Amino acid sequence: MKLSAGLCKTSPEAPKGNVFNIQRFSLHDGPGIRSVVFFQGCHMRCAWCCNPESWAQARGASTQSAITLDAVREEVARDMPYYLVSGGGVTLSGGEVMLQAPFARALLESLSAEGIHTAIETAGFAPWSVVKKVATACDLVLYDLKLADDVLHQTYTGVSNVIILRNLERLLELNIALQIRIPVIPGINDTPDEVNKMMGLISRLTANRPEFQGVCLLPYHPFGVHKYQQSGLTYPLFMHRKKSQEARLDRFTEAAKSLGITISTSGVIGA
Ligand code: SF4
């Protein structure tokens with residue numbers, strides 16, 4: 001594939017990856033106008049996931065469906081002028097970026113070499129060595145937190161949050177620029193008890209961490225429901241009932257105010 005003018009071609013040995021979408025002109029996945037590269041594969045099963053098509057495991061870098069680094073770079077480089085005027089860049093999301101760590105790191109390094117601001121969005125459910133390897137190659141980490149209570153976390157995401165919280169703590173210790181993102185799901189993590197636990201936890205973990213930028217709230221929306229049918233999956237019955245409920249963002253903003261934590265309901269810190 002031919003690269004856009006100005007991009008240096010990577011070596012033929014560069015890792016390939018499985019990506020299920022590249023979305024241009026995103027305004028809610030980090031600062032400025034961004035392109036979002038959605039990685040295939042996730043070990044979690046959040047009941048409200050709006051990208052269930054990402055769940056199937058990456059099919060392996062040697063398969064025909066794998067995409068090269070240069071193909072991704074060529075696609076995202078088309079919007080370089082927008083990144084420059086808006087302070088934007090490229091965000092790797094998913095699925096779970098950490099499941100394709102060699103490809104993610106190589107892509108981040110090559111985008112950084114071109115002067116493009118890079119971010120990753122991760123749920124942090126991966127071994128620390130993997131999380132560190134990817135997170136230290138980007139400019140900003142968008143770290144998703146779902147629930148503080150581990151029993152509830154297992155119920156609604158299918159996995160424990162112990163490793164997720166430990167990885168968050170370690171990233172904060174490394175002083176990497178980091179924002180926490182919370183999908184606010186009515187009746188699941190916006191109860192007074194869970195909000196207090198979540199915000200108390202964030203307050204403790206982020207105290208005296210100057211690179212922590214704040215919390216972004218992402219109110220639940222059922223936009224991804226049709227994808228379940230398309231993927232041959234069943235949208236959980238109890239989630240159907242959430243469609244008409246309003247997420248209680250106010251509980252998070254009040255708690256954040258009392259704890260002195262920067263919080264955003266617009267999807268972007270500082271907007
Ligand atoms: S971690 Fe993200 S991609 Fe994975 S199931 Fe949860 S919401 Fe979906």
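Since the structure is predicted, the reported quantities are computational estimates derived from the model, not experimental observations. All ligand and atom numbering here is 1-based and tracks the order in the structure.
- Contacts of Y156 classified as ring pair (Phe, Tyr, Trp, His ring centres under 6.0 Å), with partners at least two apart in sequence or in another chain: F238.
- A donor-acceptor contact closer than 3.5 angstrom is absent between the side chains of S93 and T91.
- Across all their heavy atoms, V90 and R34 have their closest contact at O-NH2, 3.1 Å.
- For residues 122-132, there are no salt bridge (Lys or Arg N to Asp or Glu O under 4.0 Å) pairs, not counting sequence neighbours.
- Take a cut-off of 2.8 Å around atom 4 (Fe) of ligand 1: the protein N, O or S atoms inside it are C42 SG.
- For the salt bridge (Lys or Arg N to Asp or Glu O under 4.0 Å) condition, the pairs that include at least one residue of residues 118-131, sequence neighbours left out, are E121-R181.
- Among protein heavy atoms, atom 2 (Fe) of ligand 1 sits closest to K146 NZ, 4.1 Å.
- Considering only heavy atoms from C-beta on, D144 stays 4.5 Å or farther from T122 through its side chain.
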